Every structure is written in C-alpha cells, then in structure tokens.
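Accompanying notes for the structure given below.
Just so we're on the same page: letters track the sequence lines, and every chain starts at 1. On a predicted model such as this, the values are computed, not experimentally measured, just so you know.
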Amino acid sequence: MVTDNYEHSQIEAKWRDRWEREKVFEVETDPERRKYYVLEMFPYPSGDPHMGHVKNYVIGDVVARFFMRQGFQVLHPMGFDSFGLPAENAAIQHGIHPSVWTHEKISRMREVLKHLGISYDWRREVITCEPEYYRFTQWLFLQLYHNDLAYKREGNVNWCPSCATVLANEQVVDGMCERCGSEVTKKTLNQWYFRITQYAESLLEDMNMLGKWPERVLTMQRNWIGKSEGAQIQFFVPVLNRSITVFTTRPDTIFGATFFLLAPEHPLVDEIIAGTSYEKKVRSFRKRISRKSEIERITEGGEVEGMYIGKEAVNPLTGESIPIWIADYIIYEYGTGAVMAVPAHDERDCRFAKRFNLPIREVIKSHDEEKTEECFAGEGIMINSGQYNGLPSSKGKKSIISFLEQRGLGKSSVSYRLRDWLISRQRYWGAPIPIIYCDSCGEIPVPENDLPVLLPQEVDFSPGGPSPLARSESFTHISCPVCGGRAIRETDTMDTFVCSSWYFLRYCSPWTEDKPFHRADVDYWMPVDQYIGGVEHAILHLMYARFFTKVLYDLDFVGFREPFTNLFAQGMVNKDGAKMSKSRGNTVSPREIVESFGVDTVRVFILFAGPPELDMEWSERGVEGAYRFLNRFWRAIMQIVDLEVHDVFTDEKRLMELERDMHRTIAKVDRDIRERFHFNTAISAIMESLNQLNDYFRVLNEKGSSAEERSFLIRYARSLVSLFNPIAPHISEELWERLGGEELLAQHPWPSFDREKMIEDQVELVIQINGKVRSRISVTRGASEDHVLEASLRDEKVCNWLDGKQIAKKIFVPDKLLNIVVK
RNA sequence: GCGAGAGUGGCGGAACAGGCAGACGCGCUGGAUUUAGGAUCCAGUGGCUUCAAGCCGUGCGGGUUCAAAUCCCGCCUCUCGCACCA
C-alpha cells in the first residue's frame with residue numbers, strides 16, 4: 001500500500017517487482033532492432049558491494065535506461081568474477097571450501113544488487129568459477145595453445161611469498177604485490193605464458209579505431225607497450241668467433257660507444273667466461289644482484305653495479321675493441337639483452353662510466369651552442385664520427401643503418417617494453433590449465449571433448465608446500481588421452497584476468513552449451529558500446545581483454561577487433577579524504593544507507609556530487625540533501641496531481657515562461673546525459689525547474705488555478721518526471737503513474753524538445769563601459785546595435801559613466817552585450 | 001627525472017565556442033510555523049567598505065584582447081601514471 005507521502009521503501013519494492021514481473025530488462029538477439037550494449041566491470045564477490053561498486057552500477061544504469069528510452073534494445077548484464085585468492089584464503093583460515101564461500105558471497109551480493117533496482121537482465125548472469133563458464137576459459141586456452149600463443153618456458157618471474165604464487169608484470173606495483181602489498185621476489189620457474197607481445201603493434205595501432213576513451217588510459221597503455229624504434233647492430237666478439245647483437249635507438253651515437261654491456265643472466269656471458277678466472281666472480285655477482293629486490297634498486301638512489309668480464313667486442317664502424325662488461329641495469333628480456341654503451345649521450349651509461357672510470361667520448365653536439373651538459377641525450381650534430389661528421393642525428397641514424405645493412409651487420413628494428421603475459425598461478429581456486437604431461441607423448445593438450453578439467457572438491461588447503469592441486473593424487477594422476485599410458489595433469493591454474501578477458505562475450509550468448517558463444521549473438525551485440533569501470537584497470541584488464549578479442553578475430557571467431565567502443569573511467573568514492581577501506585574503518589554500507597534513505601536517494605547523491613569521472617567525498621549531509629530534494633520533488637508533483645480547478649483567469653505570461661523553461665530543461669538534461677555524462681548538471685537543471693514550479697504555486701495559491709493551468713502543469717510535471725527517470729527510476733515511475741501515465745515510464749519514449757519554444761522575445765542585455773558591467777537593459781530579441789545604443793544612452797547609470805567622455809569604440813554582440821569604450 | 005591532468009566562496013561544484021564569475025546543492029545567518037525539537041516555508045549569504053555608489057576577486061607573475069576562470073609565456077602547489085626499457 002503506497003500512501004500519499006514519499007514512502008521510499010514501499011515505492012521501490014513495488015516498481016522493482018513490477019519491472020521483474022514484466023521482464024522489462026530482458027532482451028534477445030534481434031537484428032531488426034537497434035542495439036546498445038552497456039557494461040559495468042563485474043565485481044569480485046567479496047560480500048556486500050561497496051560504494052565504489054554502487055557508483056559504477058548507477059552510472060551504467062543511467063546510461064542503460066537513457067538508451068532504452070531512446071528506443072534501443074539495451075543489453076545490460078551483471079555477473080561475478082569469482083575465481084581468486086580471497087576464497088582460498090578463507091579456506092585456509094576458516095576451513096570453508098572456496099566454492100561454498102564464493103557462492104555464499106555471490107548470493108549476498110546478488111541480493112543487494114537486485115535491491116538496487118538496476119536494469120540488469122539477470123538471466124544472463126555469468127559466474128566465472130562455474131564449470132559451465134571455465135570450461136570455455138579452458139577451451140580458449142586451447143585455441144591459443146594450438147596457435148602458438150600459449151607456451152611454457154623457464155623464466156625469472158615475480159613471486160609473491162605471501163600469496164605463494166607468481167604474478168604477471170602488470171600485477172607488480174612498485175615492487176609490491178598488487179593484491180596483498182608484500183614485497184615481490186624473483187624466482188626461476190617453468191611457467192605458462194600468453195604471447196601478448198605478438199599483438200603489441202596492433203594493440204597500439206588499433207587505439208585509433210576506439211571511440212571515446214579517456215586520454216590518460218590510452219597514454220598508460222601506450223607507455224606500457226613502450227614501443228621504441230631503432231636498430232639492431234652486430235658487434236663481433238673474437239673470443240666467441242661470432243657476433244652479439246645489440247638494440248639501440250641511437251645508432252647515430254655508435255662512434256661514442258666506449259664499452260659493451262650484457263645483462264648478467266645473458267647465456268653468452270657463460271660462454272665468454274668459460275674457463276677463465278672470471279667464472280667465480282660472475283657467479284657471486286649474479287647472486288648478489290638477484291638478492292637485490294626491486295625496492296632496493298629504486299631506493300638505493302640508482303647505484304649502478306657491474307663488472308668487467310675479461311673480453312672485448314669490436315665496434316663494426318670504427319673497428320675499435322671495447323671491453324665487455326655486465327651491468328645490473330641491463331634487462332635480459334628487453335631488446336637483445338645487450339647494449340653498446342655510449343656514456344656521453346646516455347644517462348645510465350654515463351653514471352656507469354663514471355663509477356668504473358670508463359672513457360667518455362662526445363659524438364653529438366647540441367644545436368644549442370650554450371648547452372654543454374655532461375650527458376647530452378638529445379638530437380644534435382654528429383662530431384668525432386669520421387665521415388658522418390656534421391650530419392644531424394636524424395640523418396645520421398638512417399645513414400648508419402643503411403651502411404650496416406649493406407654489410408649485413410645490422411638492420412632497423414623495433415622493441416617493445418611489453419612482456420608476454422604470465423598466466424600460471426600455483427593456486428587452487430582458478431581454472432585449471434588443460435594440459436597433460438605424458439611419460440611417452442610429452443606435453444598434450446586436453447582434448448576439447450574432455451573439457452572441462454574440473455577442479456577436484458576434496459583437496460588439502462593447509463598452507464605451505466605445493467599447491468592444493470599438486471597434492472591431489474586423484475586430480476594429478478591420469479592416463480594419457482593419446483597413448484593411454486601414465487600421465488600427470490598440469491597443476492597450475494590460470495590467472496583470474498584470463499577469466500575476465502572474455503566474459504563480455506558470454507553475456508551475449510549465456511545459454512550456449514557447446515561453445516563459448518554463438519557467432520550470431522556476438523555479432524549482434526558486440527562490441528560493447530559503453531564500458532564503465534574504475535581507472536585501476538586501465539592497463540591490466542583492459543589490455544588483456546583487447547588482446548583476447550584480437551586473437552579471436554584473427555582466428556575468425558568474432559568479426560570485430562576491439563571489444564569496447566567507448567570507455568568511461570569513474571572516480572573513487574572517498575570518505576574523510578581517504579579511500580574507503582575496511583582497514584581504515586571508514587566504509588559506508590550501501591545496504592544500510594539504502595534501507596534508511598532508499599535507492600533513489602543514494603543515486604541522486606552519488607550523481608549530484610560532481611562529474612562522475614572525479615573522485616567524490618561521501619557526506620552524510622549530502623545524502624540528506626538528496627533525500628530532502630526527493631521529498632520536495634514528490635510534494636511538488638503531488639500538488640499538481642491534486643490541483644483543484646477554479647473558475648479564474650490564466651496567468652498566460654507565467655505559463656509561457658514555464659513552457660520555455662520546460663523545453664530548455666529537456667534540452668539540457670538530454671545533452672548532459674547523452675554527450676557529457678554530467679549527471680550533476682542534469683540534476684541541477686531539474687532542481688531549477690522545480691524551483692520555477694514552486695514559484696508558480698505561490699501565484700496559484702493566491703488566485704486558484706484555471707483548467708488551462710492545470711492541464712499545462714500536468715504536462716510540465718510529466719516531462720520533469722520523465723527526465724528524472726534514468727536518475728531516480730523508482731520515484732519517477734510512481735509519480736508517472738499518479739500523473740496518469742499508462743505504460744511503464746522505463747519503456748516510455750524519452751521527451752523531445754522544440755528549439756523554437758526555447759526562445760525568449762525579451763532578452764536582458766549587458767551594457768559594459770570599458771569592459772566592466774555597468775548596467776543591464778531589456779530589449780526585444782534581435783535588437784540592432786543602434787537600437788541598443790540608443791536605449792542604453794537613455795539609461796541613467798550608463799549616462800553617469802559616459803558623462804564628459806568620448807566614445808572611442810563600440811562592440812556589440814547581438815542579444816548578449818554592448819561594450820562601450822570611452823576616453 | 002619523464003608524461004598527463006587539475007588549482008574557482010566555508011564546502012561539493014557551475015560557467016557548452018573569449019562575452020553577466022560563483023548556477024544547483026550543502027553549510028551558515030535571520031524570519032514564519034510549532035508547546036518544543038525536527039521537518040517545512042520565506043529572505044540573505046565571495047571579500048573590502050558605515051549605507052548608497054564603488055573597489056577587489058577564479059594558485060602566483062606577466063602578456064594578447066574592447067573583453068580572460070577560459071588563449072599565450074614563466075613559476076608554484078597538488079593528484080595520477082611511468083620510472084634503469086638501451
């Protein structure tokens with residue numbers, strides 16, 4: 001029973017049920033209709049959603065509801081990214097099985113989310129830890145495997161001792177584990193990788209075909225991929241009787257190469273020092289370096305370390321012999337792991353040369369004569385470079401590369417900072433990697449028909465030792481699918497980012513059983529038109545998802561190369577100036593706030609606090625303010641619903657003003673939502689209209705209202721309620737019904753406006769004297785300069801300012817201002 | 001260090017293409033209503049100035065312009081990202 005007061009809980013429950021009963025948000029593939037796909041990053045089910053989630057979903061819901069009312073079929077799904085460590089830690093600490101823990105959390109979270117009344121098609125829910133889903137995560141792994149995009153190799157990897165697993169490069173932040181904050185160490189392990197580096201160029205290139213993405217996200221991805229163009233050059237090493245290739249972006253500085261550097265772990269180092277007195281020293285040097293954590297490297301002020309390893313390399317241009325050193329700042333995985341050191345023009349080489357007293361030879365002169373820095377890394381004119389003297393660096397680069405190319409000693413080359421994606425995790429709660437090792441057949445992919453490789457239920461979660469899967473006899477020991485002989489399963493599971501790299505495809509086709517998705521579904525719905533989430537995923541998730549999409553495109557499973565046309569990165573919700581977190585104890589529970597104020601209040605507060613891309617501050621007063629506004633809104637509309645008609649005159653002038661205001665408000669709200677995502681100004685426009693309305697009520701209270709006024713006000717109220725609907729869907733649906741709306745507002749067409757009706761006949765025009773506002777006059781729209789000048793000369797204030805002055809100049813902006821410049 | 005972004009009342013924030021700075025809201029002040037509080041309604045609310053008139057005012061300093069929060073140059077502060085990537 002809904003009373004005449006604004007009873008948020010009754011109203012919200014009523015419409016939530018109604019939308020569900022009438023399947024308002026359920027959509028089907030239908031190529032006849034225009035589609036729009038709105039997606040919010042799905043959550044890890046940690047329990048109750050927090051305010052950051054709510055903000056995310058509310059933004060998405062406004063967009064979804066807005067487009068729905070534009071006549072689009074809107075796909076707006078929700079699911080759970082439900083593999084991951086917290087579930088496993090719960091098992092270790094409280095003895096609850098990860099599956100049980102996760103499903104409990106999901107139910108709880110789903111309940112709260114449903115309570116928010118967001119326009120999800122819940123039938124399409126995706127849960128990544130269900131075999132029905134991870135079966136296809138494994139299937140996708142196999143596609144990558146068959147196309148040489150998934151491979152296993154030994155490598156020096158990031159290890160988080162606290163999580164007892166390896167981490168991808170992307171998951172190490174300032175030398176700390178992105179998840180738990182412990183210091184990351186290095187370990188040499190045999191691990192599975194995805195060959196994302198093969199897609200470095202298209203990940204970079206295809207950024208051009210994206211729609212609206214935040215510039216900073218693109219920049220971050222660009223930096224992460226880190227493309228640099230240069231050359232590979234061969235330096236002959238007499239002791240090996242062959243060449244070592246270096247990568248450099250500055251072939252024009254080759255005459256300044258005074259020593260040669262190798263990464264300490266470079267395998268050629270061993271060949272060079274074999275049987276020499278350096279063997280022992282190098283071994284202990286390597287040991288010392290590997291103990292040095294990333295943190296120490298950064299905090300020690302960049303003290304470089306290295307040592308001479310006893311042999312020489314030959315500069316292919318000068319024929320000069322230069323000593324070979326190893327240095328800790330040379331990264332084996334980048335470029336070729338070997339560098340020609342040019343201390344005069346590279347800061348790091350310079351530091352190294354100074355520390356170990358190596359010669360520094362200047363070969364580039366700055367264009368700017370004044371500049372005589374010790375280490376000049378810019379472009380300039382070549383000197384001390386034989387026949388190349390006098391050439392600018394850019395030309396020199398090209399000539400040197402072509403000289404080397406002709407002699408087969410080098411070529412132009414591109415390097416990327418991006419590394420292959422390490423996907424193995426030594427943990428239980430993830431999708432098992434579908435690989436089998438047979439004593440006689442070797443490494444065998446699990447046949448597609450045998451998928452999913454199910455996680456065993458009964459495993460030992462006690463901490464320490466190998467991962468729970470490795471300890472499970474029944475899981476590990478199987479017979480080879482090829483020869484039937486003895487075999488063991490891979491016991492690593494996949495990084496959860498693999499699961500989230502394709503979930504947006506599954507939403508399109510969630511009921512498909514024999515494959516991850518139907519092509520027709522995906523072709524209809526994809527790409528996601530608007531993706532919304534936190535900027536913290538700017539690199540990791542967004543790049544992995546882009547990578548997966550590109551692989552699927554190349555393998556002809558999908559017909560598009562980019563998954564997300566537009567991306568919106570929302571700001572955080574803070575409290576007391578800091579990020580809300582359990583450890584700080586400054587969290588606000590959405591569940592409780594919704595209980596006392598209602599969903600619509602929370603939505604209005606969040607959206608009104610500022611533009612959504614900015615961080616916002618949670619404020620109790622702000623919530624109350626939003627609540628008060630909803631009450632004010634309710635009362636005003638109800639006053640119109642209950643308006644009695646009297647036999648009185650109509651205030652035509654006020655009515656016209658209101659009419660104009662109505663069209664302006666529609667135009668503003670429409671634009672603010674559609675083009676700018678600035679819901680705060682959309683709400684303030686609605687508030688202004690409401691204030692207009694209240695002013696008018698005062699007139700009506702005095703004189704009573706005519707039938708004409710009542711019918712106009714109903715129309716006005718309807719458009720206001722209609723505009724408010726994507727922002728506060730429950731209250732607006734209720735008021736819509738009370739105003740006589742027959743169909744659901746959620747399915748009612750979005751209001752349109754008439755530009756003609758927005759125009760005023762009288763405009764207020766600003767009169768400036770010497771650029772300062774001195775007066776305002778009211779003139780008819782489109783008044784001429786002469787007319788305005790004449791009118792302003794009759795204005796007392798203007799006359800005072802002009803008294804005894806000469807008019808030197810006039811600037812006239814029609815319907816806006818007249819600036820009179822006097823001497 | 002490199003790169004990107006941002007600095008506007010007591011606060012969150014408006015000002016779409018150089019043209020009325022401070023919309024809208026919060027807070028605060030006064031008033032009405034009320035037994036009282038809350039809620040509600042009305043009025044006010046950038047600073048200086050005794051009122052009026054006026055002057056100053058968008059981080060700081062300069063510039064362009066009839067006119068600058070907005071454009072240009074220099075500086076300061078903050079936030080974020082990258083940080084031995086040859």
Side-chain angles (χ1 to χ4, degrees), chain A residues 173-174 214-228 230-231 246-250 253 261 263 294 297-298 302-304 327-331 333-342 345-349 351-352 377 415-419 535-536 538-539 571 604-605 608-611 613-617 619-626 628-629 631-632 635 668 671-672 675-676 678 680-691 694 697-698 764-776 797 800 808-813 815-822:
Chain A
V173 179
D174 290 334
E215 199 48 50
R216 62 184 166 143
V217 172
L218 296 177
T219 309
M220 276 190 238
Q221 292 212 1
R222 235 174 253 126
N223 289 343
W224 192 263
I225 295 167
K227 178 178 183 174
S228 56
V246 303
F247 174 75
T248 179
T249 54
R250 295 296 301 271
T253 63
L261 293 169
E294 211 135 319
R297 279 204 191 181
I298 297 163
E303 186 69 89
V304 281
D328 64 347
Y329 69 87
I330 305 302
I331 298 159
E333 289 85 8
Y334 183 77
T336 59
V339 164
M340 63 174 205
V342 184
H345 305 291
D346 180 282
E347 214 178 303
R348 294 148 306 172
D349 296 344
R351 251 181 9 226
F352 194 82
S415 273
Y416 300 92
R417 207 188 73 112
L418 184 72
R419 306 288 145 77
V535 77
E536 66 271 18
I539 300 174
V604 168
F605 166 65
F608 186 60
E613 65 271 24
L614 259 46
D615 287 354
M616 62 173 280
E617 177 73 16
S619 120
E620 189 68 29
R621 290 203 195 278
V623 178
E624 285 163 12
R628 277 206 299 271
F629 171 64
N631 276 286
R632 220 155 49 225
R635 282 195 304 271
K668 169 129 183 85
R671 207 177 88 90
D672 285 349
E675 289 171 29
R676 309 200 306 162
H678 279 197
N680 56 331
T681 50
I683 294 171
S684 84
I686 293 172
M687 287 173 166
E688 278 178 276
S689 284
L690 199 70
N691 293 344
N694 281 326
F697 282 147
R698 237 166 290 152
E764 192 177 68
L765 207 129
V766 169
I767 308 298
Q768 295 184 335
I769 313 289
N770 287 346
K772 296 205 167 175
V773 181
R774 294 305 181 189
S775 187
R776 292 146 217 269
K797 285 186 227 159
N800 286 339
K809 198 173 174 184
K810 296 172 303 234
I811 292 96
F812 180 66
V813 183
D815 297 332
K816 283 225 164 129
L817 67 76
L818 175 70
N819 186 8
I820 304 169
V821 184
V822 295

Have a look at [X] and say if it touches a base, only the backbone sugar-phosphate, or nothing, with a 4.0 Å heavy-atom cut-off.
| X | answer |
| --- | --- |
| A:Ser228 | sugar-phosphate |
| A:Val773 | sugar-phosphate |
| A:Asn691 | sugar-phosphate |

I need the [atom1]-[atom2] distance between [X] and [N], as an integer number of Å.
| X | N | atom1 | atom2 | value |
| --- | --- | --- | --- | --- |
| A:Leu261 | B:C84 | CG | P | 16 Å |
| A:Asp328 | B:C84 | CG | C1' | 8 Å |
| A:Ile769 | B:A53 | CD1 | P | 16 Å |
| A:Asn223 | B:G5 | CG | P | 13 Å |
| A:Arg222 | B:C2 | CZ | C1' | 16 Å |
| A:Ile330 | B:C84 | CD1 | P | 12 Å |

Interatomic distance, CZ@A:Arg216 vs CD@A:Gln221, rounded to 0.5 Å, equals 13.0 Å

Side-chain donor/acceptor pairs under 3.5 Å, residues 764-774 of chain A, sequence neighbours excluded:
from	atom 1	to	atom 2	distance (Å)
A:Asn770	OD1	A:Val822	N	2.9

Contact string for nucleotides 9-16 of chain B, one letter per nucleotide 5' to 3', B = base within protein heavy-atom range under 4.0 Å, S = sugar-phosphate only, - = neither, reads ---BSSSB

Contact string for nucleotides 62-70 of chain B, one letter per nucleotide 5' to 3', B = base within protein heavy-atom range under 4.0 Å, S = sugar-phosphate only, - = neither, reads ----B----

Sorted by chain and residue number, the side chain to side chain donor-acceptor pair (under 3.5 Å) partners of A:Thr219 (sequence neighbours excluded) come out as none

Contacts of A:Thr249 meeting side chain to side chain donor-acceptor pair (under 3.5 Å) (sequence neighbours excluded), chain-then-number -> none

Contacts of A:Val813 and A:Trp224 projected onto RNA chain B by closest heavy atom; the upstream (5') one is A:Val813

Contacts of A:Ala338 and A:Ser619 projected onto RNA chain B by closest heavy atom; the upstream (5') one is A:Ser619

Practice problem: For side-chain contact (heavy atoms from CB on, under 4.5 Å), just list the numbers for A:Ile811 and A:Val821, CA-CA rounded to whole Å, side-chain angles, deciding distance to a tenth of an Å, and then say yes or no. | Solution: CA-CA 8 Å; A:Ile811 292 96; A:Val821 184; 4.2 Å; yes

Pairs under 3.5 angstrom, nitrogen or oxygen only, protein versus nucleotides 54-59 of chain B, please.
from	atom 1	to	atom 2	distance (Å)
B:C55	OP1	A:Arg774	NH2	3.2
B:C55	OP2	A:Arg774	NH1	3.1
B:C56	OP2	A:Lys772	NZ	3.2

For [X], which residues count as a salt bridge (charged side-chain N to carboxylate O under 4.0 Å, His left out) partner, sequence neighbours excluded?
| X | result |
| --- | --- |
| A:Arg635 | none |
| A:Lys809 | none |
| A:Arg671 | A:Glu675 |

With both pairing distances under 3.5 angstrom for Watson-Crick or G-U wobble, and | for a partner in another strand, the correct string for RNA chain B is (((((((..(((......[....)))((((((.......))))))(((.....)))..(((((..]....))))))))))))....

Below 3.5 Å is the cut-off: list the nitrogen or oxygen pairs between protein and nucleotides 28-33 of chain B, distance only.
none

(message) Between B:U49 and B:G54, how far apart are the two C1' atoms, rounded to whole Å?
(response) 9 Å

| If you measure from the P atom in B:A14 to the same atom in B:G9, how many Å do you get, rounded? | 14 Å

Extract from the structure each pairing of a protein N or O with an N or O of nucleotides 40-42 of chain B at less than 3.5 Å, listing the distance.
from	atom 1	to	atom 2	distance (Å)
B:U40	O3'	A:Arg635	NH2	3.3
B:C42	OP1	A:Arg698	NH2	2.5

